[in-house]
Amino acid sequence: MSQIHVSTTINGDATEFLCEPDETLLDALRDRLGLTGSKEGCGTGDCGACSVTVNGRLVCSCLMLAAEAEDAEVTTIEGMAEGEALHPLQRKFIEHAALQCGICTPGILVAAKALLEQNPAPTETEARYWLAGNLCRCTGYDKIIRAVMDAAAEMRGEMRRAS
Amino acid sequence: MRYEAPSTLENAVALLAGESGSAHVLAGGTDLLVGMKSGFTEPDLIVDIKRIDGMHTVTQEDGGWRIGAAVPGIQLGEHDGVKADWPGVVEALELIGSTQIQGRATMAGNLCNASPAADSVPAMVAADATVRIAGPNGSRDIPVIEVATGPGQTSLAKGEIVESIFLPARPVRSGDAYLRFIPRTEMDIAVVGCGVSLTLDEGGTCTAACVALGAVAATVLLVEDAARVLIGTAVDDAALDALAAACSAAAKPIDDKRGTVAFRKKVSGVLARRAAKIALERAKG
Amino acid sequence: MALDDKLGVKDRTFKIVGTRPNRPDGIDKVTGRARFGADMNAPGMLTGHVLRSPHPHARIRAIDTSKAEALPGVKAVITAKDFGHVPDDMADVLDHCLAGDKVLYDGHGVAAIAAVSPAVAKQALKLIDVDYEVLPHVTDVDAAMKPDAPVIREAGGDETVPDGMSKNAMHRFEFGHGDPETGFGEADLVIERSFRTEAAHQGYIEPNACLATLAPDGQAELWCCTQGHYAVRDMCAAILGLDKGMLRVTASEIGGGFGGKTTVFIEPIALMLSKKTGRPVKMVMTRDEVFRASGPTASTSSDVKIGMTKDGTITGAFAEFRYQGGAYPGSPVEFGAMACFAPYDLKHVKTVGWDVVTNRPKQAAYRAPGAPMAAFATESVIDELCQKLGLDPVETRLKNAASEGTKSAYGPTFPQIGVKATLEAAKAHPHYAAPLGPNQGRGVATGFWFNFGGNTCVSLNVNADGTVSLTEGNPDIGGSRASMTMMAAEELGIPYDRIRTVIADTGSLGLNDVTDGSRVTFAVGLSTIKAARDAIRVMCERAAMVWGIDPDAVEWEDGHAKPAGPNAGQFPPMSLAEIAAQASNTGGPIAGHHEVNAEGAGVSFATHLVDSEVDPETGAVKTLRYTVFQDAGKAVHPSYVEGQFQGGAVQGIGWALNEEYIYGEDGKLQNAGFLDYRVPVASDLPMIDTVILEIPNPGHPYGVRGVGETSIVPPLAAIANSVSNAAGVRLTDIPMSPPKVLEAIDAAG
């Protein structure tokens, strides 16, 4: 197997790497680029811990070949905060104790951010269905959903002020 | 293993036709990569079709819709035209996996994976959808139900690729629906799936119907008896009872980790009745 | 341990305990920076992989590793034989990692490889030839108890097992007092039923992972995700013949455990591979391996018989439990048999437990090990008695509830306990009176857990700038850094954000027992408070030195040393920071320590209320509303206490409805993945309401009781009772998956 050269953009930074043809995007992020915030909980798309966005679409990075990332825009949990400023979702997750062990947290935050970008005012049911692909074994989801709803409300408030 | 991402259909077909080992088409990859992870699938060649023009597009054709093989669920779910005409098909595709899976999984992939439990297939069969297949000898169109020949097996020849799926023009006063049963609310494989499409005349009498069941046989079942009992009725309770009975009788399921024979047979009827009611409401507008 | 009178919980008002500050590791965890088991690498590292048995039971005639060893990129191949003789108490632990003469379950490790890449390792695994003699297998607990069942362990059970029983019965337990038969004679109604529960997995989202280095001089480093790195050290040192002091184990951040990460599965293998190769070896289990070859809980079968009078008095109770804990002795049947009747004050009670082996992986602890399944059985029968006698299930439980002075069903006499408080709270809650719709049912159940204290060692260092470094030795699995920081801040009288809590490696602090038994907030909290008091004592001495007065004449208040009274002298109070700044001139660094094998953990009770809706045509169950009432003693950080209540309840919901180990006739696990091992997803659930009750534990300075485990004890029973009420037929088989519910409904007509 000869390695493939990939040119891509990760969290806004132009990035190049070599990967095996059968290597997943998750493995490339974690093992080649040092971006270990995306987690492998299952490797089969059932837990969502590896969630990233590719060209704006929420995907499981374990179910995508690294080679497919050529010319793509990839964002990971490492790209969520802007400098010192946490994203409102990140802040609300801490404030609401929406994590216990924290292993699912990066994937859930990436997924929740994608939700609020396409639906700034989700109902509780919409949030629960959107996040159904992100398993959390610690919290029973209660505080996660509360944190997402609270962050959404705050972000809507900010948007109103901005306009 | 080699990874190729050709920019033309001809090249993709040539690559697949020329591979002596195990060659796989990659669209959304949500089944292929799972198979690779488990070691069940060990490809020698993967042909990524997402860089081929037209694979991502949804276009109107003869009053119906031609859907590129690499169109993911989320894109179809955002397409108001397809959703308005074939809500059952779109809902079936959208039931597959999580939001993350929806970002990648395609209807063509769901079809070619040839799982008896594939959610979009009964809905496509009920919608009388066809598949355009490109191959070394040119392209051909076949009905959706002719693609899967058994679990994991398709009628596609070496070098052939599904290029697009065609949903025909929706007849007036018609509606479709798909329902499946899963133990949880999301993230499961269908234990039973049922797609129903029906057409009414001006008086509300059913003039055409198509009913398909998933996960109750080696391939998706087109239940002609079920269609027959609806046609000529107002899809009233008696007709729905007959529909449920026909579906339960037609189901030929197995006992497995997801359900029992008795459960699947009974729930085939339950879902058919419920799906028919939704389709009926949609047909009435 | 008595309450500290001066700082007694009864009159104490807390400034920090009981508030909800942000957890100190929050930013690391929301930015992806926190390093979990698989997030660590080392220069020159190899990757380790295990070859696993495809058979549930087979004798290993021979293993030929020569072809694998010859593959370029393979640096070592090992089997159990490479470990030589290990101490008797570690034999099963090693055997569960790598099989000896027999493989005992589907997925049992047979050999392991260290290679330069996963691709090479994958190829090499296929080149190992194992010659198996396949043996008959048994995976079901009742089948394993039959006298002619396939024998898994030739030696059979111990002296508690009568002759003629299956050799798979390892041990028989018995608890109780009085004579249940006499009690049944006094009853107006006696109900006898049998129950089954399938095995659940802890389902932690982070697969087990480790990075090991073992040098030729016997010095070793191990990084791993574990609930107890000291336990990992002790097990690995014993298995590899290392000195404990030479093996330094560092706990990574841990992505869930719930009891499942209290033992070793890959760590000794990684160390041995490192020893053989002279290079660091990283191992990460796949999800498939986690399901097949870690430590799920037991599956069970039970018979329960309870008698009740018309007015709701339980006159006699008997239960017999059979738990299979995999191919090795040690199922948690003992805890189940002890815990199930603990909420009640019973005159005649007896429980019997059988520890059974089958061809499954060796069970590990799962949150209140053994108790949920037993409570499911006994609380179901109590519910049915109430139903048939027309009694209110909460009132009836209250009538029989244990209280201070009750001789418990498992032996000890209870001190102050909260079972009645949880039932009173449930009775008074709007949930209990809320109307139900068609096909809906309400269920109630009460549960008990013992809680644990254990070996604990805490060090608290006061820095020259007035900040404090708190060092403890228990991985933070659910916000415990926050709780420890809060208790230290409360005691020292300084702000929460002036303290940083660090989890030490095994070389930096004395023995700390595993993060289990709901022990951490209790025992580490207690030790933190005592370590803070130790530091306060030192700071008072330093202030006394500065002031030139007797140390006994100095007291500590609100973060300051001050003269104890007018006779002690007139000095302005000195703050912790002021004392710390002068430490170099008053005797050197200031620290406090506490080391203890903590007792007095304080038992815990919970009552759960749940409303379910059953689809009578499909058997699907929807959880509509759920409320947890639990005694926390004192909730240090209420958000994380609520989180434990919610998390335990939802794990219970999953177990009750859809989670199960499914073995085929061939003895192979059919659902080794999150697709078909169905843990609850967000859209399955309602919000989980919580009511925290605070009946102080006299064994802790602030009254804290452990809260982590009790919350999973009632759900199986509570949901079974709600589903039974909704469906109009009694469900006795967990999980209550739709096919089973539909079959029960259809059978009842």
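In what follows, chains carry the letters A, B, and so on, assigned in the order in which the sequence lines appear, proteins first and then strands, with residues in each chain numbered from 1. Below, each value reflects all heavy atoms present in this structure, side chains not excepted, and no hydrogens, waters or symmetry copies. Since the structure is predicted, the reported quantities are computational estimates derived from the model, not experimental observations.
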**OP:** Search all heavy atoms of A:Phe93 against all heavy atoms of C:Val30 and return the closest pair with its distance.
**Re:** CB-CG1, 4.2 Å
Original post:
Taking it one step at a time, do A:Lys39 and C:Asp39 satisfy side chain to side chain contact (heavy atoms under 4.5 Å, CB included)?
Top reply: CA-CA 9 Å; A:Lys39 308 299 180 188; C:Asp39 298 340; 2.4 Å; yes
Original post:
Could you go step by step and tell me if C:Asp288 and A:Thr44 meet the side chain to side chain contact (heavy atoms under 4.5 Å, CB included) rule?
Top reply: CA-CA 10 Å; C:Asp288 174 90; A:Thr44 50; over 6 Å; no
Original post:
Hey, which of A:Asp31, A:Leu35, A:Leu131, A:Leu135 has the most heavy atom pairs under 4.5 Å with chain C?
Top reply: A:Leu135
**OP:** Give the member of C:Val650, C:Leu685, C:Asp684, C:Asp476 that has the highest number of heavy-atom pairs under 4.5 Å with chain A.
**Re:** C:Leu685
Original post:
How close do A:Thr139 and C:Gln646 get, heavy atom to heavy atom, and via which atoms?
Top reply: O-CB, 3.5 Å
Subject >> Among the listed options A:Gly34, A:Ala49, A:Cys138, the residue most often paired with chain C at heavy-atom distances under 4.5 Å >> reply: A:Cys138
**OP:** Under the side chain to side chain contact (heavy atoms under 4.5 Å, CB included) rule, what do C:Ile27 and A:Ile94 come out as? Steps first, then yes or no, please.
**Re:** CA-CA 8 Å; C:Ile27 292 176; A:Ile94 298 174; 3.9 Å; yes
**OP:** Check each atom of A:Leu99 against the heavy atoms of chain C and say whether the ones under 4.5 Å are side chain, backbone, both or neither.
**Re:** both
Subject >> Shortest non-hydrogen contact between C:Phe674 and A:Cys47, atoms and distance >> reply: CD1-CB, 4.1 Å
Subject >> A:Gly41 to C:Pro207 - nearest heavy-atom pair and separation >> reply: O-CG, 3.8 Å
Subject >> Sidechain-backbone polar pair: A:Tyr141 side chain, C:Pro680 backbone, donor-acceptor under 3.5 Å >> reply: yes
Subject >> Proximal component of A:Glu23, with respect to chain C [non-hydrogen, under 4.5 Å] >> reply: neither
Subject >> Per-residue contacts, residues 143-150 of chain A versus chain C, heavy atoms under 4.5 Å >> reply: A:Lys143, A:Ile145, A:Arg146
**OP:** Using modelled atom types only, decide if a donor and an acceptor are shared between the side chain of A:Asp142 and the backbone of C:Ile688 within a distance under 3.5 Å.
**Re:** yes
**OP:** Pick whichever of A:Arg128, A:His87, A:Glu78, A:Glu95 has the most heavy-atom pairs under 4.5 Å with chain C.
**Re:** A:Arg128
Original post:
What are the two closest heavy atoms between C:Ile254 and A:Cys101, and how far apart are they?
Top reply: O-CB, 3.2 Å
Original post:
If you tally heavy-atom pairs under 4.5 Å against chain A, which of C:Ala34, C:Ala649, C:Gly32 wins?
Top reply: C:Gly32
Original post:
So which heavy atom on C:His201 is nearest to which on A:Arg137, and how close?
Top reply: O-NH2, 2.9 Å
Subject >> Heavy-atom proximity to chain A below 4.5 Å, by part of C:Tyr677 >> reply: side chain
Original post:
Do any of residues 105-119 of chain A come closer than 4.5 Å to chain C, heavy atom to heavy atom, and if so which ones, in number order?
Top reply: A:Thr105, A:Pro106, A:Leu109
Original post:
Above 12 or not: heavy atoms from other molecules or residues under 6.0 Å from CG of C:Leu624?
Top reply: yes
Original post:
Are the side chain of A:Gln100 and the backbone of C:Gly643 linked by a donor-acceptor contact shorter than 3.5 Å?
Top reply: yes
